[in-house]
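Beneath this line is the structure, given in structure tokens, with notes to follow.
These numbers were taken from a predicted model, which means no experiment stands behind them. Note on naming: letters A, B, ... go to the chains in the order of the sequence lines (proteins, then strands), and numbering restarts at 1 for each one.
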Amino acid sequence: MLAEFALAALWLAAALAALQLLAGVLVLSEKALVLGGIVRPLAVVQGLLALAALLGLIGLFATTDLSVALVAENSHSAKPMLYKIAGTWGNHEGSMLLWVAVMGLAGSFVALVERRLPERTMLATLAGQAFVSLGFYAFLLLASNPFARLTQPPPEGNGLNPLLQDPGLAFHPPTLYLGYVGLSIAFSFAIGALVTREVGPAFARAMRPWVLGAWIFLTLGITAGSYWAYYVLGWGGWWFWDPVENASLMPWLAATALLHSCSVLAARDALRAWTVMLGVVAFSMSMIGTFLVRSGILTSVHAFAVDPLRGKFILALLAINIGGALTLFALRAGSVTEGERFSVTSREGALVFNNVMLTGILGIVLIGTLYPLVTEAVGVRVSVGPPYFNPVTALFALPMMLVMMVGPLLRWRRDAPGRVARAQGWVMALPPVVGVVTAAVFIAHGGIGLLPLIGLSLAPALALASLLPLRGRDLTRLPLPVWGMVVAHFGIAVAMAGMASDSAFSTERLIAAHVGEETRVGPWAVRLAGVAPVAGPNWTAMEARLVVRYDGAGATTLTPQSRTYWAPPQTTGVSALLTRWNGQLYTVMGEEVEGDRWQLRLWWKPFVPLIWLGGALVALGGALALLGRVSADLKRISVRTRMADRRQRQGR
Amino acid sequence: MLKPKHQRMVLLAAALTALLAAVLIAAWALRHQASYFYVPSEIKAHPPEADRSVRLGGMVRRGSVHNEADGVTVDFIVSDGRADVPVRFAGIRPALFVEGSGVVAEGHMVQGRFEADNLLAKHDEKYVPREMAGMTAEQARQTVAQTK
């Protein structure tokens, strides 16, 4: 019964979305103003119904109801409970249901708490949200029904891909989706503002927390996904420029640009049309990502279904949503005036530069991701990887980082480099000096590629420069959003140091070792102490016992495994990692080869955890900024209600 | 400071310039950096430059897998039914790397031998590298026919 109830909830949610769209349009066209009051409640209930459908599916997976086709195909009764639940979104239909549930809930949340926008803009926003949701409801109900029943339930399910049987599955997809789909709010805000032509600082201030929220989750989701791929794939790499990774990076780049242009619009009433455009682009990138990942056009661990109908369906949705939004933009952009002026050397100027460079990177990544699909259509098969993406994105990222060092020190509207230099004094010289000295040291060290060298010297300079906005300010009274900016920029420097250090200093060792044999990788001595069989709930494994010592220090034991799952039958390596303050030892076990030897692949990766620490800092910076903005808004609202109360009491 | 109208033009021009630059740079870089997919008969007929990274796909010829004495290097032959290319790979092989099955190797040609940095074999029934989805010896031949 649960499956039928959940499916009914989903249909009902779709119907309410249609009603929400209709009511919004009728009110906006002033045909039925009386409907104005029902749009918000509709949005709230619609989101709750979508959530109910998702909870229903989670229930079916948790109890392994094999009469549901999706559960039978993707689950197994012997799986640990964590993977039964997380496995709900480890397949095409379930992940799309997660998508619409997040989208519905985001709409509910906006409808419940957003009170700053003019009511007409708000209605247009909710109508826009309903329009986009409706398309995805249709996709789910007509082309990807997660609740279809089997007439003949099988005795046991097929199980879940072992690569996905990892705690990462419980965290990475939901976080990423909160970010991905959270951007639909920015999209709908942009639509709402275009429909009512209300693009100004108030609009930017209302939109900013929503963009920030989505951006924080997107940052966390990408960081978590990168770490997951790093330890689960056993190749020692943390970013592969795989199309599915690019699909998450592109919305992040657009959202980062949007975040910065939002603050220009909020503080200075400039970049109106540009901000609206980015709002459209950011969620469009989410949808393009979904198309790439979910249509079956790419085959990867993320692409679950190869059903041409689904690909065409998503493509049609994409064309309608993006095409519609861009048409609306083209029609209305002319009447959205540019707003306040500013000179090139100003905070706005630096932020425009940041935006333009981020857009450039976005273009580079988009072209590189789509290129193989285009050439395949004409019969040439290519793959585009790090040799293209690394240098070409760096071409745009490096100037951006340099401007990022001074941008936060500039004043709004108009500034002069001389003024900044006088205000900061000798401290201004510190980042460039540190950068040059670091570069000199590493050039003398030798053997480091150009890009890692630039990264290694830029990172400390950037870290120092990111702290400069704190100088001469009373730290106890500094607004939270400023702290957020400092922490996030510092996080970028930290992540960059980790990336550069990984590619400059990683050492690798590949051997076939006898039990008892010792080998070295970097400063580590690694001894294969033994190999023994072990068993888990739905797998058996050969487990190597590695006794490892750092530079003569005490011994620790690591246990990488070669694991064989029996549902589905598949062998996969499970790496074992040891983290020190100065890096990570990464060990992978291979197969047994002749002469009673076992293959081992070992890496010493100095400072590599800084990559994910940096990502977490960037997200933390976003959280601080969000906290600051929201608490300021709440304070303003409470002051306003108090004033209104007093006025009422005094009978005015 | 510029007039509002001019400021708008300048911003628009800056954005368009950056986008155009991105497109041009991308086009130039893709021409030089994209890694092309070859099947054995193609790579024999038109070998890529030595330093260029490419992908080679085909079937692992039965009986051709030979383990070197160091225990981590493997030599085998990738075939598309028309031509054979010897491949050498040092590393931990994917679990589903077996004789008679499809494989895609990433690497470059060194004096008639393909030095693979990485092997992409089927993960399982559902998840396969894009180039070899459902590839059998017959389909590998068809691939050659199509790409001619």
Contact winner vs chain B - A:Pro387, A:Gly385, A:Gly368, heavy-atom pairs under 4.5 Å =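 Answer, by heavy-atom pair count under 4.5 Å with chain B: A:Pro387.
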Given the options A:Met589, A:Glu591, A:Glu508, which has more heavy-atom pairs under 4.5 Å with chain B than any of the others?
->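 Of A:Met589, A:Glu591, A:Glu508, A:Glu591 has the most heavy-atom pairs under 4.5 Å with chain B.
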Backbone N/O of [Y] and side chain of [X]: donor-acceptor pair under 3.5 Å:
X        : Y        : value
B:Glu115 : B:His108 : no
B:Arg52  : B:Ala34  : yes
A:Thr369 : A:Pro243 : no

Name the region of [X], side chain, backbone, both or neither, that has any atom closer than 4.5 Å to a heavy atom of chain B.
X        : answer
A:Phe389 : neither
A:Arg597 : side chain
A:Met357 : neither
A:Leu366 : neither
A:Tyr388 : both
A:Val356 : both
A:Val344 : neither

Hey, is B:Arg55 close enough to B:Glu106 for a salt bridge, meaning N to O under 4.0 Å?
->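 Yes, charged N to carboxylate O under 4.0 Å.
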If you tally heavy-atom pairs under 4.5 Å against chain A, which of B:Gly91, B:Ala15, B:Ser53, B:Ala21 wins?
->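 Ranked by contacts with chain A, first place is B:Gly91.
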Would you call A:Trp241 and A:Thr393 a side-chain contact if the rule is heavy atoms closer than 4.5 Å?
-> yes
Applying a strict 4.5 Å limit to non-hydrogen atoms, the region of B:Leu19 in contact with chain A is side chain
For B:Ala69, is it the side chain, the backbone, both or neither that has a heavy atom under 4.5 Å from a heavy atom of chain A?
-> backbone
Return yes when atom CG of B:Asp70 has more than 12 non-hydrogen atoms of other residues, nucleotides or ligands closer than 6.0 Å, and no otherwise.
-> yes
Could you walk me through whether A:Val384 and B:Gln33 pass side-chain contact (heavy atoms from CB on, under 4.5 Å), step by step?
-> CA-CA 7 Å; A:Val384 179; B:Gln33 302 294 357; over 6 Å; no
Less than 6.0 Å separating the ring centroids of B:Phe76 and B:Phe97?
->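 Yes.
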